[in-house]
Amino acid sequence: MRQHRLALCGEHFVQWVPTQVARAVAKYRMFTADERVLVAVSGGKDSLALWDVLLGLGYQADGLYINLGIGEGYSAESQARAEAFAAGRPGAVLRVVDVATEHGATIPELARSRRGRKVCSLCGLVKRHVMNRVAREGGYAAIATGHNLDDEVAVLLQNTLRWSVPYLSRQAPTLPAGPGLARKVKPLCRLRERETAAYALVRGIDYVYDECPHAEGATTLFYKGILNQLEVRSRGTKEMFYLNFLQARAQYDLFQAEREALDMHPCPECGQATTAPGLCAFCRLWAAPDGGERAGSGSPKDAAEPQRARRTPRGH
Ligand code: Q46
Ligand code: ZN
């Protein structure tokens with residue numbers, strides 16, 4: 001790990017990763033040992049590595065798998081990996097939500113019936129809603145997602161190039177709870193993608209290697225490529241860009257006006273917070289044939305964000 005000037009063998013690497021996660025959990029006040037955490041697991045390396053680390057650290061971490069009905073068996077295979085992971089850890093609880101069973105359509109079916117809406121945008125909206133609902137109903141203090149440093153930096157670059165203040169204001173390792181919204185945390189935010197992959201491999205975690213078919217060509221991947229090139233020229237660029245952003249944000253209380261201007265109120269249908277007048281975006285989606293508001297291209301890797309009108313497409 002050139003950016004840390006550190007080289008570890010497998011045995012010591014899988015001890016080092018949890019120390020980094022524990023440090024991030026404490027530094028960004030994500031949750032305490034007394035609080036229950038809901039880990040959003042996709043069957044991929046990041047989320048399963050996260051669940052593995054949190055269980056190993058002794059946190060009360062349950063998993064949530066959301067079956068989106070994607071691809072020729074992609075969702076089924078992902079669910080199988082998540083279930084196999086849970087089955088191999090005595091006491092681990094995996095909650096499963098099947099979107100088609102609960103709401104009557106898979107994500108691709110929903111996208112087909114809502115012409116003009118991008119699959120990833122709809123998918124992110126549905127996942128955020130389901131995560132919040134399960135967290136509320138289950139009494140979880142926080143929802144943890146497997147976003148790593150590369151994910152965070154790529155989204156930060158996208159949002160910065162557009163000076164998309166609404167999204168920049170919500171990019172943080174910990175987003176506090178709001179009315180009807182659980183706290184959202186990203187305990188892997190200081191680990192690189194290759195580090196979470198290495199951790200999963202050394203730990204023998206069986207994860208889905210394939211990306212979601214809809215992730216192909218996603219703009220996030222393009223920005224990750226650019227950042228990797230920058231990193232070759234200047235080691236540590238990713239950490240510098242992300243950590244200095246967080247520091248400036250805290251030091252100068254950036255985005256305070258934006259946060260204060262947010263008019264969040266509970267959706268009359270589902271109770272989750274929204275800035276939209278009347279029903280939230282999720283409830284409008286299933287209520288109206290055209291799905292209510294328009295959406296942009298969306299971000300392939302879902303993240304934590306209040307349900308609100310999407311002014312620009314770079315939600316994270
Ligand atoms: S699952 Fe959903 Fe992602 Fe697939 S459809 Fe797009 S948002 S790419 S993280
Ligand atoms: Zn609603």
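Treat the numbers as computed from the prediction; the structure is a model and nothing was measured. Note that ligands are numbered from 1 as they come in the structure, with each ligand's atoms numbered from 1 the same way.
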Does any N, O or S atom of Cys280, backbone or side chain, fall under 2.8 Å from the Zn ion (ligand 2)?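 Checking Cys280: at least one N, O or S atom is under 2.8 Å.
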Cationic N near anionic O, under 4.0 Å, [X] to [Y]:
X      : Y      : answer
Asp151 : Lys224 : yes
Arg89  : Asp52  : yes
Arg81  : Asp206 : yes

Going by the atom numbers of ligand 1, which of them fall below 4.0 Å from some non-hydrogen atom of [X]?
X      : result
Ile70  : 4 (Fe), 5 (S)
Ala215 : 8 (S)
Cys123 : 1 (S), 2 (Fe), 5 (S), 7 (S)

If you stand at the Zn ion (ligand 2) and look out to SG of Cys267 and SG of Cys270, what angle do those two lines make, to 10°?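 So the angle at the metal works out to 110°.
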Return the set of residues passing salt bridge (Lys or Arg N to Asp or Glu O under 4.0 Å) with Arg136 (not counting sequence neighbours), or none when no residue passes.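 Per chain and number, Arg136 pairs via salt bridge (Lys or Arg N to Asp or Glu O under 4.0 Å) with no residue.
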Considering His214, Glu211, Lys127, His147, which one's heavy-atom position lies nearest to atom 1 (S) of ligand 1?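 Looking at heavy atoms only, the winner is Lys127.
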Given side chains that start at C-beta, do those of Met1 and Arg192 come closer than 4.5 Å, heavy atoms only?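 SC-SC contact between Met1 and Arg192 ruled out.
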Atom 4 (Fe) of ligand 1 contact by Cys212, N, O or S atom under 2.8 Å: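 It does: Cys212 brings an N, O or S atom closer than 2.8 Å to atom 4 (Fe) of ligand 1.
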Angle class for the His103/Phe282 ring planes (parallel below 30°, perpendicular above 60°, tilted otherwise)?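 The arrangement is perpendicular - the two ring planes meet at more than 60°.
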